[in-house]
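Heads up: the structure comes next, in structure tokens.
Please read these numbers as outputs of a predicted model, since none were measured by experiment. In listed order, ligands and their atoms are each counted from 1.
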Amino acid sequence: MTRSRRILVAGGAGLIGQHLCRRLLDDGHSVLCLDNFFTSHERNVEEFLRHPRFELLRRDVTESIQLDVDETYNLACPASPVHYQHNPIQTLQTSIDGSLNLLRNALRTNTPVLQASTSEVYGDPDVSPQNETYLGRVNPIGPRACYDEGKRCAETLFFDFHRMHRLPIRVARIFNTYGPGQHPHDGRVVSNFILQALENGDITIYGDGSQTRSFCYVTDLADALVRLMENPANVAGPVNLGNPEEISIRNLAEKIVSLTGSASKIVHCPLPADDPRQRRPDIALAEKILNWRPTTPLEEGLMKTIDYFRRLDLSLYPPPA
Ligand code: NAD
Ligand code: UDP
């Protein structure tokens with residue numbers, strides 16, 4: 001049984017954040033969830049509001065932070081291309097200023113801090129699968145750069161705090177993660193395809209659909225984050241976290257149409273600039289140091305997510321700010 005700790009989860013109301021909060025509460029910890037609800041909704045954490053060990057702080061991570069906690073997870077950042085490109089300067093500030101604020105607070109309290117980094121640091125990779133030694137192929141001036149370069153800079157900040165101040169850090173490079181709790185207007189591929197299929201609307205494949213992704217179910221990912229934070233050898237990372245099962249976007253669309261029994265037709269839309277052609281994590285390091293690999297097969301995770309969206313009252317979710 002681990003000691004009960006007070007844990008700050010910045011971005012705790014988002015897709016991954018809400019599952020992480022639930023997991024940490026179930027493990028007996030106190031959770032301080034900080035969020036500005038830019039890409040989420042207070043409803044995502046409603047079930048925790050009466051929990052005696054849960055606190056909610058409506059706050060922007062770019063504002064300076066003084067909070068006495070034992071651990072910090074930094075998940076605060078829009079993750080969907082539609083939302084992170086909405087105000088690219090704000091996205092960069094969220095990654096960079098937000099990381100600086102949380103790192104300074106962690107330094108003040110000398111407590112570990114974990115950064116939710118991303119497979120986007122590898123850009124449009126020319127190797128597959130991607131392992132942690134691959135330095136990436138990112139376009140620094142394209143429309144995705146505000147997210148990719150913001151996350152790369154955040155990794156730099158984390159490692160410089162580690163080298164200069166011996167601050168205990170963890171850097172997780174998260175690959176595409178999906179599941180219940182995603183905002184219906186999120187705009188990422190899994191929620192788009194499921195909602196389109198449930199409404200028998202057109203399934204919008206960007207490009208020819210031959211590009212690949214590898215999708216990890218959200219509770220598997222939350223488990224990996226906790227294992228990384230708690231790893232006894234204090235490995236800082238970066239560590240790839242994701243599901244190595246790769247699928248083309250076309251096959252994903254067909255699978256979702258079939259699982260929902262939908263009458264939807266597939267239509268093709270323009271491929272966004274710099275959209276990575278392929279993405280598959282090499283998770284050998286996570287398997288070795290965290291004794292972790294995802295356990296939820298894609299179809300099972302998709303069925304749970306479809307069930308979530310089937311039950312969701314969409315009228316309660318206006319498009320995000
Ligand atoms: P999400 O958009 O559902 O959640 C992000 C949360 O951060 C939201 O609740 C949002 O309101 C909050 N937020 C955004 N800007 C903020 C700010 N300035 N101050 C405070 N809160 C802010 O996304 P997610 O999928 O849950 O992703 C969580 C983290 O994991 C992000 O940092 C993302 O970059 C990273 N990540 C996610 C994936 C994925 O596929 N889900 C992949 C790689 C990395
Ligand atoms: N995509 C798509 N249709 C959609 C949304 C996304 O074909 O309605 C494609 C997108 O072009 C990309 C892949 O699905 O190739 C994954 O997109 P997502 O926005 O989920 O995340 P990314 O991995 O690109 O950050």
Find out whether [X] and [Y] are in side-chain contact, i.e. whether some heavy atom of one side chain is under 4.5 Å from a heavy atom of the other.
X: L312; Y: P184; result: yes
X: L57; Y: L67; result: yes
X: V226; Y: M229; result: no
X: L241; Y: P281; result: no

Is the contact between [X] and ligand 1 made by the side chain, the backbone, both, or neither, using heavy atoms and a 4.0 Å cut-off?
X: S117; value: backbone
X: K151; value: side chain
X: Y147; value: side chain
X: R188; value: side chain
X: T94; value: side chain

**OP:** Could you please spell out the steps behind the side-chain contact (heavy atoms from CB on, under 4.5 Å) verdict for V190 and F215?
**Re:** CA-CA 9 Å; V190 172; F215 294 98; 3.8 Å; yes

For [atom], closest protein heavy-atom neighbour:
atom: atom 43 (C) of ligand 1; answer: I174 O, 3.0 Å
atom: atom 37 (C) of ligand 1; answer: I16 CD1, 3.8 Å
atom: atom 5 (C) of ligand 2; answer: Y206 CE1, 3.3 Å
atom: atom 8 (O) of ligand 2; answer: N192 ND2, 2.8 Å
atom: atom 16 (C) of ligand 2; answer: R213 NE, 3.6 Å
atom: atom 29 (C) of ligand 1; answer: L75 O, 3.3 Å
atom: atom 19 (N) of ligand 1; answer: V61 N, 2.9 Å
atom: atom 1 (P) of ligand 1; answer: T39 OG1, 3.7 Å
atom: atom 3 (O) of ligand 1; answer: L15 N, 2.9 Å
atom: atom 15 (O) of ligand 2; answer: D275 OD1, 2.6 Å
atom: atom 3 (N) of ligand 2; answer: T204 O, 2.6 Å
atom: atom 20 (O) of ligand 2; answer: V189 N, 2.8 Å

Subject >> Backbone of R293 reached by a side-chain donor or acceptor of T295 within 3.5 Å >> reply: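 Side chain of T295 to backbone of R293, a donor-acceptor pair under 3.5 Å: no, none is there.
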
Subject >> Residue pair Q182 / T305, side-chain donor-acceptor N/O under 3.5 Å >> reply: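 Q182 vs T305: no donor-acceptor pair found between side chains.
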
Subject >> Modelled atom types, side-chain donor and acceptor of E246 and T212, under 3.5 Å >> reply: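 Yes, because at least one side-chain N or O of E246 sits under 3.5 Å from a partner of the opposite role on T212.
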
Original post:
Hey, is ligand 1 close enough to N36 that some N/O pair sits below 3.5 Å?
Top reply: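 Right, the criterion is met.
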
**OP:** Could you tell me whether N74 and ligand 1 have an N or O pair separated by under 3.5 Å?
**Re:**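 Checking ligand 1 against N74, no N or O pair falls under 3.5 Å apart.
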
Which one of [options] has a non-hydrogen atom at the shortest distance from [atom]?
atom: atom 4 (O) of ligand 1; options: G12, G14, G11, G17; answer: G14
atom: atom 22 (P) of ligand 2; options: R188, R144, Q278; answer: R144
atom: atom 11 (O) of ligand 1; options: D35, L221, T118; answer: D35

**OP:** Check the pair E199 / L314 against side-chain contact (heavy atoms from CB on, under 4.5 Å), numbers first and verdict last.
**Re:** CA-CA 12 Å; E199 287 163 5; L314 294 176; 3.7 Å; yes

Original post:
So F38 and H83, would you call those rings parallel, tilted or perpendicular, with 30° and 60° as cut-offs?
Top reply: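 Aromatic pair F38/H83 classed perpendicular.
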
Atom indices of ligand 1, in the order listed, that fall short of 4.0 Å to a heavy atom of [X]:
X: F37; result: 11 (O)
X: F38; result: 11 (O)
X: N176; result: 40 (O)
X: R59; result: 19 (N), 20 (C)
X: A13; result: 9 (O)

**OP:** Report the C-alpha distance between R310 and I194 in whole Å, list the side-chain angles of each, state the deciding distance to 0.1 Å, and finish with yes or no for side-chain contact (heavy atoms from CB on, under 4.5 Å).
**Re:** CA-CA 9 Å; R310 263 206 183 106; I194 290 178; over 6 Å; no

Where do [X] and [Y] come nearest, in terms of heavy atoms and distance?
X: Y206; Y: P272; answer: CB-CD, 3.7 Å
X: N139; Y: A145; answer: O-CB, 3.4 Å
X: L228; Y: R170; answer: O-NE, 3.0 Å

Subject >> Nitrogen or oxygen atoms of N176 and ligand 2 under 3.5 Å apart >> reply: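 Yes, there is a polar N/O contact under 3.5 Å.
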
Original post:
For ligand 2, is there an N or O atom under 3.5 Å from any N or O atom of G187?
Top reply: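 Min N/O separation from ligand 2 is not below 3.5 Å for G187.
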
If the cut-off is 4.0 Å to any non-hydrogen atom of [X], which atoms of ligand 2 fall inside it?
X: Q211; value: 9 (C), 11 (O), 15 (O)
X: R279; value: 22 (P), 23 (O)
X: E120; value: 25 (O)
X: I205; value: 7 (O)
X: P81; value: 19 (O), 25 (O)

Sidechain N-carboxylate O distance under 4.0 Å for [X], [Y]:
X: R277; Y: D124; result: no
X: R152; Y: D148; result: no
X: R6; Y: E55; result: yes
X: R22; Y: D26; result: no

**OP:** Say whether Q196 and ligand 2 are in contact under the criterion: heavy-atom distance to a ligand atom below 4.0 Å.
**Re:**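 Distance cut 4.0 Å: Q196 fails for ligand 2.
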
Original post:
For ligand 2, is S80 a contact, meaning one of its heavy atoms is under 4.0 Å away?
Top reply: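 Flag not set, S80 not near ligand 2.
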
**OP:** Using a 4.0 Å heavy-atom threshold (strictly under), name the region of I249 that reaches ligand 2: side chain, backbone, both or neither.
**Re:**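 Contact part for I249 vs ligand 2: side chain (C-beta onward).
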
Original post:
Stepwise, does the ring pair (Phe, Tyr, Trp, His ring centres under 6.0 Å) test hold for Y317 with H185?
Top reply: CA-CA 8 Å; Y317 290 84; H185 297 287; 8.0 Å; no

**OP:** Verify side-chain contact (heavy atoms from CB on, under 4.5 Å) between L56 and E42, making sure each step is shown before the conclusion.
**Re:** CA-CA 9 Å; L56 181 62; E42 196 170 337; 3.8 Å; yes

Subject >> Given H19, H29, R5, the one that forms side-chain contact (heavy atoms from CB on, under 4.5 Å) with L24 >> reply: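 Option passing the side-chain contact (heavy atoms from CB on, under 4.5 Å) with L24: H29.
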
